[in-house]
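Let me begin by presenting the structure, written as structure tokens, before commenting on it.
The analysis underlying the following values was restricted to heavy atoms, covering all of them including side chains, and did not include hydrogens, waters or symmetry mates. Along the sequence shown, residues are numbered consecutively beginning with 1.
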Amino acid sequence: MAASSNSSLSGSSVSSDPEDYQPPIWKSYLYQLQQEASRPKRITCPQEMESRPKYYGREFHGLISRERADELLAGTEGAYLIRESQRQPGTYTLALRFGSQTLNYRLFYDGKHFVGEKRFESVHDLVTDGLITLYIETKAAEYIAKMTTNPIYQHLGYTSLLRDKITHRLNRTRSEPKKVTFQQDDKITPSPLSRRTTLKDGPEKHCNYEKIHNFKVHTFRGPHWCEYCANFMWGLIAQGVRCSDCGLNVHKQCSKLVPSDCQPDLRRIKKVFSCDLTTLVKAHNTPRPMVLDMCIKEIEHRGLTSEGLYRVSGFTDHIEDVRLSFDRDGEKADISANTYSDINIIAGALKLYLRDLPIPVITYDVYSKFIQAAKITDPDSRLEAVHDGLLQLPPAHYEALRYLMTHLKRVTMYEKDNYMNSENLGIVFGPTLMRPPDQNTLATLNDMRYQKLIVQLLIEHEDILF
């Protein structure tokens, strides 16, 4: 049955011209099986049950045995009833007829009905979904196990075109980190001042801005097919997952195999602040977040000599106005001196943006590596450890950090006017750029001096480390 009713992909046509793109032929076997699945048949109780919970209907039969439930359901595929458990009074069981036998499931209610992960508005919907799932997984167990082995994902016309477009753009705009080696000059007595830094040829980290998909369980209205394996997404609710950033729809099991090639859709990005950094730059096709570029440009234009730059706070309400302006207008946000004469407002907005990132610029994954690097006493070994940590950052995070550190280095060049050296900037930006994964208050306090030192080192050695 699987072989005869499953459509081939041989009719798909992939062209480099979007106008010639032909969609794939979706596989119909699982859809046909869903249509064949039995429909629910409620077996009602002939008398009113005083013990019936208010969230059940006439399908509730009270305190009856498994054997009695089996008798009531016998001979009718898809028949179901609810009974109170004799072994555990006060708990309820869904008895369902499938495959010429009665299946019993512990039934729960917390505002919605469920026997597993899925939650349903009604028992009828739960049974409908259950019958579909049982039928498909019984009839097509082997087919389901193999359906991810020949995916159409890499052959989809729009996917190939999108990948080529992204690769071309990133090859033009990417900034690649340098491979840095710290080595001792044998002709000079070893000391922190008698070391030199050399650039060596070696493997470079390519800034390809890969982004994993942000999949979330989704209920599809009407028939939907998986965009990875081309098979039908069966069930009544929560049939699969959808990427909330680009809209890709796939089976839950297929989502584990989809490449990290999410290209966020601007229509799905609701705001600029508090948006994942990689998601934002991919959605806007920029190497860095617009907030970073625009705020730094404005600060360097008119604020480098401002006393206490980044340390002095701007007016909170005005900083919030800047945030709302970016969320509303994006790159058209007006942060000029005509609108915000106090440069501390722009500096405050930049700090707020960095602080509100769901994943910090120095990500949770490498946080401990940077803290451990800060604890190394030997200056050269410490810089090597910091550089190793930088190479483990996601490309978009690396580029944002590189750009920010280059800016902060310029800020320190005006120290006689703004009184902000690398140590002061480290105090300000340490907790902003680095946050411990567990958000433990005590750990945060203990790590503050190391956070400060890391940022201080990044500023002082930005020409070497990046």
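Under the 4.5 Å side-chain criterion, counting only non-hydrogen atoms from C-beta, L126 is in contact with L107. Considering only heavy atoms from C-beta on, F232 stays 4.5 Å or farther from K27 through its side chain. The closest side-chain heavy-atom distance from S325 to D334 is not below 4.5 Å. For the pair L30 and Y143, the minimum side-chain heavy-atom distance is below 4.5 Å. Looking at Y135 and L33, their side chains come closer than 4.5 Å, going by heavy atoms from C-beta outward. Proximity of Q239 to I132: side-chain heavy atoms (C-beta onward) are nowhere separated by under 4.5 Å. A 4.5 Å side-chain heavy-atom check between L352 and R355 finds at least one atom pair inside the cut-off. Proximity of E210 to T278: side-chain heavy atoms (C-beta onward) are nowhere separated by under 4.5 Å.
Salt bridge annotation for K369-D388: absent, with no cationic side-chain nitrogen under 4.0 angstrom from a carboxylate oxygen. We find that R119 and D110 are joined by a salt bridge, their nearest charged nitrogen and carboxylate oxygen being less than 4.0 Å apart. Between K270 and D327 there is no salt bridge, since no side-chain nitrogen of the basic residue lies less than 4.0 Å from a carboxylate oxygen of the acidic one. Using a 4.0 Å cut-off between a side-chain N of Lys or Arg and a carboxylate O of Asp or Glu, E462 and R402 do not qualify as a salt bridge.
When all heavy atoms of I362 and L401 are compared, the pair lying nearest together is CG1-CD2, 4.0 Å. Summarising the geometry of L390 relative to F370, their closest heavy-atom pair is N-CZ, 3.5 Å, with the distance given to 0.1 Å. Listed here is the closest heavy atom pair of C275 and L357: O-CD2, 3.6 Å. Looking at every heavy atom in both residues, P431 comes nearest to G426 through CD-O, 4.4 Å. Contact record, D321 with Y340: CB-OH, 3.5 Å, taken as the closest heavy-atom pair. Closest non-hydrogen pair, V281 versus P289, comes out as CG1-N, 3.4 Å.
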For K211 and D245, run salt bridge (charged side-chain N to carboxylate O under 4.0 Å, His left out): C-alpha distance rounded to whole Å, both residues' side-chain angles, the deciding distance at 0.1 Å, then the answer. CA-CA 10 Å; K211 180 187 179 305; D245 294 334; 2.7 Å; yes
Candidate pair Y31 and W225, rule ring pair (Phe, Tyr, Trp, His ring centres under 6.0 Å), full reasoning: CA-CA 9 Å; Y31 175 73; W225 274 256; 5.6 Å; yes
Please walk me through it: do K252 and E117 pass salt bridge (charged side-chain N to carboxylate O under 4.0 Å, His left out)? CA-CA 13 Å; K252 187 176 181 180; E117 292 182 359; 3.6 Å; yes
Salt bridge (charged side-chain N to carboxylate O under 4.0 Å, His left out), that's the test. Do E121 and K112 meet it? Break it down for me. CA-CA 5 Å; E121 296 292 341; K112 291 188 176 182; 3.3 Å; yes
Check the pair T363, D365 against side chain to side chain donor-acceptor pair (under 3.5 Å), reporting the backbone distance first and the verdict last. CA-CA 5 Å; T363 60; D365 290 344; 5.0 Å; no
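Counting non-hydrogen atoms of neighbouring residues, nucleotides and ligands closer than 6.0 angstrom, the CD1 atom of I212 reaches no more than 12 such neighbours. A 6.0 Å sphere centred on CD of E300 holds more than 12 heavy atoms belonging to other residues, nucleotides or ligands.
For the pair K375 and Y450, the cation-pi criterion (under 6.0 Å, within 45° of the ring axis) is fulfilled.
In this structure, the side chain of E307 does not engage the main chain of D417 through any donor-acceptor pair within 3.5 Å.
Aromatic ring centroids of W234 and H224 lie 6.0 Å or more apart.
A side chain to side chain contact (heavy atoms under 4.5 Å, CB included) with H213 holds for exactly one of C246, S255, S260, P264; it is C246.
In this structure, F108 and F114 have parallel ring planes: the angle between them is below the 30° cut-off, well short of the 60° mark.
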